[in-house]
Structure formats: structure tokens, C-alpha cells
Number of protein chains: 2
Amino acid sequence: MTISPLAPAKFPDLPEIAGVTFASAAAGVRYAGRTDVMMACLTEGTAIAGVFTRSATRSANVLDCQAKLGSDPSGRAAIIVNSGNSNAFTGKHGDESVAAICAAVGATLSLDPSRVFTASTGVIGEQLPHDRITAKIAELAANQSAASIENAARAIMTTDTFPKGATATINVGGKPVKIAGIAKGSGMIAPDMATMLVYIFTDAKISQADLQEIISSENDKTFNCITVDSDTSTSDSLVAAATGASGVDVTGNSDFVDAMHAVMLDLALQVVRDGEGATKFVTVDVTGAADARDARKVAMAIANSPLVKTAIAGEDANWGRVVMAVGKSGAAAERDLLSIRFGDILVAENGWRAPDYSEEATSAYMKNQELAIAVDLGLGAGASTVWTCDLTHGYIDINADYRS
Amino acid sequence: MTISPLAPAKFPDLPEIAGVTFASAAAGVRYAGRTDVMMACLTEGTAIAGVFTRSATRSANVLDCQAKLGSDPSGRAAIIVNSGNSNAFTGKHGDESVAAICAAVGATLSLDPSRVFTASTGVIGEQLPHDRITAKIAELAANQSAASIENAARAIMTTDTFPKGATATINVGGKPVKIAGIAKGSGMIAPDMATMLVYIFTDAKISQADLQEIISSENDKTFNCITVDSDTSTSDSLVAAATGASGVDVTGNSDFVDAMHAVMLDLALQVVRDGEGATKFVTVDVTGAADARDARKVAMAIANSPLVKTAIAGEDANWGRVVMAVGKSGAAAERDLLSIRFGDILVAENGWRAPDYSEEATSAYMKNQELAIAVDLGLGAGASTVWTCDLTHGYIDINADYRS
């Protein structure tokens, strides 16, 4: 598979996080000749928090994780994730697969199965051959290494064209606290209060409740602000694990919140950069809306409009389609107060094309790989930023026959 | 342009409607070598009703029509429509263009400009060269003929690949009442309480208020139940004109309502059949929802999902994506109560693939040009039917460079 033209130059150097080790293996769940399972082992007392898809048809794994979260940390923990099969809409079999994997991990690592967090990603509605995964747990346990996070990021890829990682380090009273995260996702991307598969590790010391509050709140400003195709996955999961191994308590530390935000945003934007078939990275900024809700409606209407997204793919400065998307969004808007910019170019204001509009200059701008569309509604203080990509032949190629 | 593979074999034989005549002309608004303006003249006392887009950025023509409707018929009337330019988001210029056209038609036909109803369809945000249209009004007035409705249907086409017409006749006490309608539309199709451009003519006698009530109500069951790309036009207009020339009063006549429904549904489905790039016609039937609103949410989530639509294009029996769309719709749903059928084939029930599911049989079914996806939520009595098409490379081709 060709790597997305929007991919970062390389996978970042992620620091080792004290208290976390990783391993990956080729279990042959669906794909041949590549790793497709990763397991992370977490030290005693690690606080684990998560946010998940709100889909009414969410996977057995998501339901299991949701049931397990919320209690304070006790004992060691593990995260195990497979690609190739989402274990979603697999009925009772799905629940049995999750239970079998958690039991096997618990037995091998001598920890409580209620401290095993699973995720599966891939095709929906096919029974997960979980015996292929459980057969690899001893190998995964034996090969654990603090340095293997990049391989873990690779093992959870599906239609992704590059592995996604991000990191941040803060200093608290002269002591470093490290954060490292990985993510997968490229299609079925329109999170609704949730995300793709994202795993974030930190050696900070923090309670489960405080960690949960931070990721829930920052999720709304990061993963919930991206969209590739307006479709929402049945498996979206973000899990954050704080091992406490740095010995540094970050309760109430705003630098830690900012660092978590930075890592989450970095990973979220990498997901957009790997949007199926994407050739353009687009930032949609909406200001001047009646309220934040309306601003988000307008931003998402633009970012999800097939007509806007195909125009961008065609490098067509078709700002009329942005007007259309504003109009259909359901948000309050007044034609004559609206202004639209493509990059620094004012293309429309006062209910019509801007007086100095130059089709030539705007068309030249559209050739950029990174584009910014800004809409000011001129009504109030509501603002929202959303990130998306274009809609190309590549998206059709990938999805007209994904299963085979 | 290749004609859609889903097109009807031929344009239907539309009857002449007493009290209505048509003409079309090549005004060169944008397209060369084809007609692009049609004018219909309506006899004294014709009742005119309409439904329009709820877009917040609707066109100057839509705003003008909405202001003119509602009063009881008096005097003759005219409808004039151009293709090639939508006159939407053209600021004050747009209002001036509408006023100039209405004044010119009024002067030429000696009727009140408040009885002239305009529409424009095509590119958004470019000033309408209305002088090219007013220059043709004398020609349009001179060439009026009751038989020219098919040419009128052709003059209003944009990315349409075939003209759309439908008809019905009812008998009231031995006397025929005729209905004939035309429509245009193929992209930017996700009406919100409105439609594309649709013109329906009848010789029935009926008050403006009663006609308005019928089209508003039937619109919800026809044009509001189709979607091509989830985008909503700034120009959507449905105008119905009842000349009364048959002398037959249809007030309270349910046969007339049924006949209007049939004509509106026929035209709506032709719009789907001409969906940009469409190769498959898809009926989505949702039953068993908690209420009708939820049923519609689920049906539209399926019909608008890029992943469902690309799977259909690829003839992939990917019912897992239907599960995903149900899950993301926001409607109440329970995994284990859901059942899904592709045509007559039960593909999923009890939270998983149906026991007798055959990938071979379902893949064979997907090769049909007309497909039916049925979802029963098992919760209540809410039901909804929505019609759509697949998402193909053709859609990208048409829209990545529509303006040039």
C-alpha cells in the first residue's frame, strides 16, 4: 500500500515509559505476513481511563472495557489489541471471545482478568478466531520490552498507511513526567464522543477519576474534532494508562493537561493525515456563530460535505459549496453577514463574492497540500475548529472492496 | 455525457394540461449549444403552491417565490427557470436579477410581476447574467405550446443525464383530471423539507391553500425521502400549478392526493436514478423502530454512509457496514434485536450473522442493479423508506471539477 502523501516524515522517537512494556506478534487473525496483535503490560497500581464510541452497535470489547473502568487501580494490568477483525456484531460469540482472551492473559500474567482491557479492529460481523490470539499470549508475555511501542503501533494498523505515535514530556519540580501514545485509524472516522484505537501511556501518578476527567475533556477538543468520512466506528476506543512509576503526582497540574492535549491532538491529526485516499489536509475554522454548538454544526457540515471534499480533491476553488454546506448545517446563518476565507484569501463577504476575489490566486492556493477554510458567521462568539481531508478516487478504491 | 444506467427507457408521454403552455430557449447563460431557459404560461386563476429548501443560504429566487406564495389566485401567471447559474449567494445582485426577470416577463405577458415565479440552478456565487434571459422572453412568449413540456424538462438540466417527467390521470364523476410533472436533479441531493427543481401541472380546480397542503404533506413522503450525497441545495424548489381548466373541483378528493403522490414519487425516484455517478438504485426500508423519527434517522444514516455506498458500488455484501450505520445513527437500537435483509436474504439476526447466511448467494444478489436493504430494529412500530444510489468513481469525476 502506498503511504499517504500527508504522512509525517518518520515515526517519532517515543520515550520509554516506566512501568509499561510491549510486545507484538503475528497471530494470523486475518492478515498474513505481518503482526496483528499487540500486548502492553502495566505495572502494579496503574490507573486506567478510557473513552469509547457511543455507537448503539459497539463491539463486545468496547462493552467489556466500559464495564471494567471506573474502579481505582489495584494490581497489574494488561492491554491486548488485535487487527483484522473488529469482533463487532458477533453476538454471544463476541462476548465469549473477549472472556477467553482476558482469561488467557490473566492466567499467563497472573493477574485478575478484570484488569485486562481488549480491543479488536477490522471487519465487522465475522466471528473472531480468538484461539489464534490466545495461542500467542505466552510469546507476547515472553517478548515484553519497554522499547517496543513502535512495533505495537504497527500491529494495530488496518487500512492505515503509516503507524501513528506522539509524545510529550513535562517537568514537575525538576522531575520529568513522560507521555507516549499510539493510534490507528484511517476510515470510518467521525468520532462521536470517542475515537479510533488510541493508547496513551504515562509514568505520571494520578487517580483513575482524575485521569478519566482529563481524557474525557480533552477528547472533545481533539479526536471529536476530526472526520474523514462521517462514518462512526463500532470499535472506537481511547485508553490512557498512568503507571505512577515516575513518582510524580500530577493531580491538578495544568502542564500535564496541556501535555495530554498535545499528544491527543497530534495523534488525532495523524489519523486525518492517513484518511483513506487523502491527498489534502484541511483545517476548517468557524467563528462568529451564535454559540459553540452551531459553530461545530457548521464546521462538521463543511468537513463532511462530499461536494466540498471532492472540490478540494479537484483543487477547485469552489467556495459556493462552502456556502451550501453552511446553509444545510441547520445552524443560524445570515447570508449577508457571512464571510469565507481560503487561507489568507477573502473569497466571499456581504452575501457575495469578495470584490477583490481572484479566481487565479485562489486556484493557485488550492494546489497546496495543507488548506485552511475559515468561515465567520458574524452572529456571535461561537467558534469551532475541525480537521478533515479530501474525498478522492482512492477512498472509493479502498472501500469498494475492503473485505476481499 | 453518458446516460445513467438506471435511467428509464424513455421520457414518458405526458398529456397536455389545459391552461398551461411551455417554451424553451438557448440563452447562453453558461452552457453553449443547448437550451437553458424554460417558461411556462398559466391561465387566469391558476392556483400555485410550492415547497422550498430550508437552507439558510437559499437563493434569491427561492426567497422571492416564498414571498409571493400563499395568496389566492388572481390573473394569469408564469414560471421561468434557467440552468447554468443558481443565482445563490449573489447578494443584492441576485435580488436585482430576479426583479429584472419578473418585470420583463410581466411586461411581455401583460401580467403582474407578483405572479411570476423564477428559479435558477447551476453554479453558486456567480452573478446571474439576467440580460441574456430577458433578451429571450419575447421568443419564449411567441413559441408557447401545450405540447412542449419535454423540451422544458430538458432546458432545466444541469449534471442530469436524462430529463425527468411523470404523469397521472384520475376520473372524477366521469371527467378526467390530469397531472403532469417535470424535475431536474442529480447531485447536491438531500432535501430537507424540500426538493430539487420540480414543476407539476394539473387542470384540477382546487384552492391555493388546499394545493399547498397536499404538496407539503406528500413532499415529506417523496422528495424528502431521497438522498444522493447528503448535500442540500440552495435552490431546491417544488412548484405545483392547478389551472382549474378541467372544471373539476378536487377539494377533499383522496384520488387526487394519491395521484399527486404517485407523480411526486415517480419524479423523486428518477432524481435518484440520475444520482451523480450512480450505478445501483437502492431502497432502504427500516421497520421496528421506536418511532418514525428514529426509523428515518436509521434509514438516512444507511443511505448517506460513504462506506455503505462504496460497498454497494463494489458489489460487496458488506452488511457489517449497515450495522455500523445503524449504530451511528443516534436512534435507539439493540444489537440482539436487530435483523438485516439484503433483498429476500436474511443476513443478520440475534446480534450476529444469520445461521443460514451464504456469502455466495448474497454476493450474487449484490450484482443486481436494483437493491433493497431492510433493517428491522425489533423495538416498536416506527417505519421509514428512503431511496438512494451508490457512491462511485463517477461521482468523484463529476464533482472534482464541476465548475470548469
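In what follows, chains carry the letters A, B, and so on, assigned in the order in which the sequence lines appear, proteins first and then strands, with residues in each chain numbered from 1.
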Just by distance, no angles: are the side chains of [X] and [Y] close enough, under 3.5 Å, to form a donor-acceptor pair?
{"X": "B/Thr159", "Y": "B/Glu276", "result": "yes"}
{"X": "A/Asn82", "Y": "A/His130", "result": "no"}
{"X": "B/Asn87", "Y": "B/His93", "result": "no"}
{"X": "B/Ser120", "Y": "B/Asn85", "result": "no"}

* Asked: Mind checking what makes side chain to side chain contact (heavy atoms under 4.5 Å, CB included) contact with B/Asn304, not counting sequence neighbours?
  ->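 Here the qualifying residues are B/Thr227, B/Ser230, B/Met300.
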* Asked: Residues in side chain to side chain contact (heavy atoms under 4.5 Å, CB included) with A/Thr287, at least two apart?
  ->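 Only A/Asp376, A/Ala383 meet the side chain to side chain contact (heavy atoms under 4.5 Å, CB included) criterion with A/Thr287.
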* Partner set under salt bridge (charged side-chain N to carboxylate O under 4.0 Å, His left out) for A/Arg58, not counting sequence neighbours ->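 Listed in chain order: nothing, the list is empty.
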Counting heavy-atom pairs under 4.5 Å with chain B, which one of [options] comes out on top?
{"options": "A/Ala313, A/Ala325, A/Pro306", "result": "A/Pro306"}
{"options": "A/Asn350, A/Leu391, A/Thr90, A/Leu338", "result": "A/Thr90"}
{"options": "A/Gln127, A/Lys92, A/Lys309", "result": "A/Gln127"}

* Which region of B/Thr392, side chain (C-beta onward) or backbone (N, CA, C, O), has a non-hydrogen atom less than 4.5 Å from a non-hydrogen atom of chain A, or is it both or neither? ->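 Contact with chain A is through the backbone of B/Thr392 alone.
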* Do you know which of B/Ala88, B/Ala348, B/Gly327 has the most heavy-atom pairs with chain A at a distance under 4.5 angstrom? ->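 When all of B/Ala88, B/Ala348, B/Gly327 are compared, B/Gly327 has the most.
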* Among the listed options B/Ile312, B/Val323, B/Asp229, the residue most often paired with chain A at heavy-atom distances under 4.5 Å ->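 If we count pairs closer than 4.5 Å to chain A, B/Val323 comes out on top.
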* To do: For a side chain to side chain contact (heavy atoms under 4.5 Å, CB included) with B/Val322, tell me which candidate from B/Val298, B/Val284, B/Val347, B/Ile302 qualifies.
  =>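 So, applying the side chain to side chain contact (heavy atoms under 4.5 Å, CB included) to B/Val322 and each of B/Val298, B/Val284, B/Val347, B/Ile302, only B/Ile302 qualifies.
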* **Any donor-acceptor pair under 3.5 Å from A/Asp64 side chain to A/Ala60 backbone** =>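 No, because the side chain of A/Asp64 does not come within donor-acceptor range (under 3.5 Å) of the backbone of A/Ala60.
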* **Sorted by number, residues from residues 329-336 of chain B in contact with chain A (heavy atoms, under 4.5 Å)** =>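 Contacts with chain A: B/Ala331, B/Ala333, B/Arg335.
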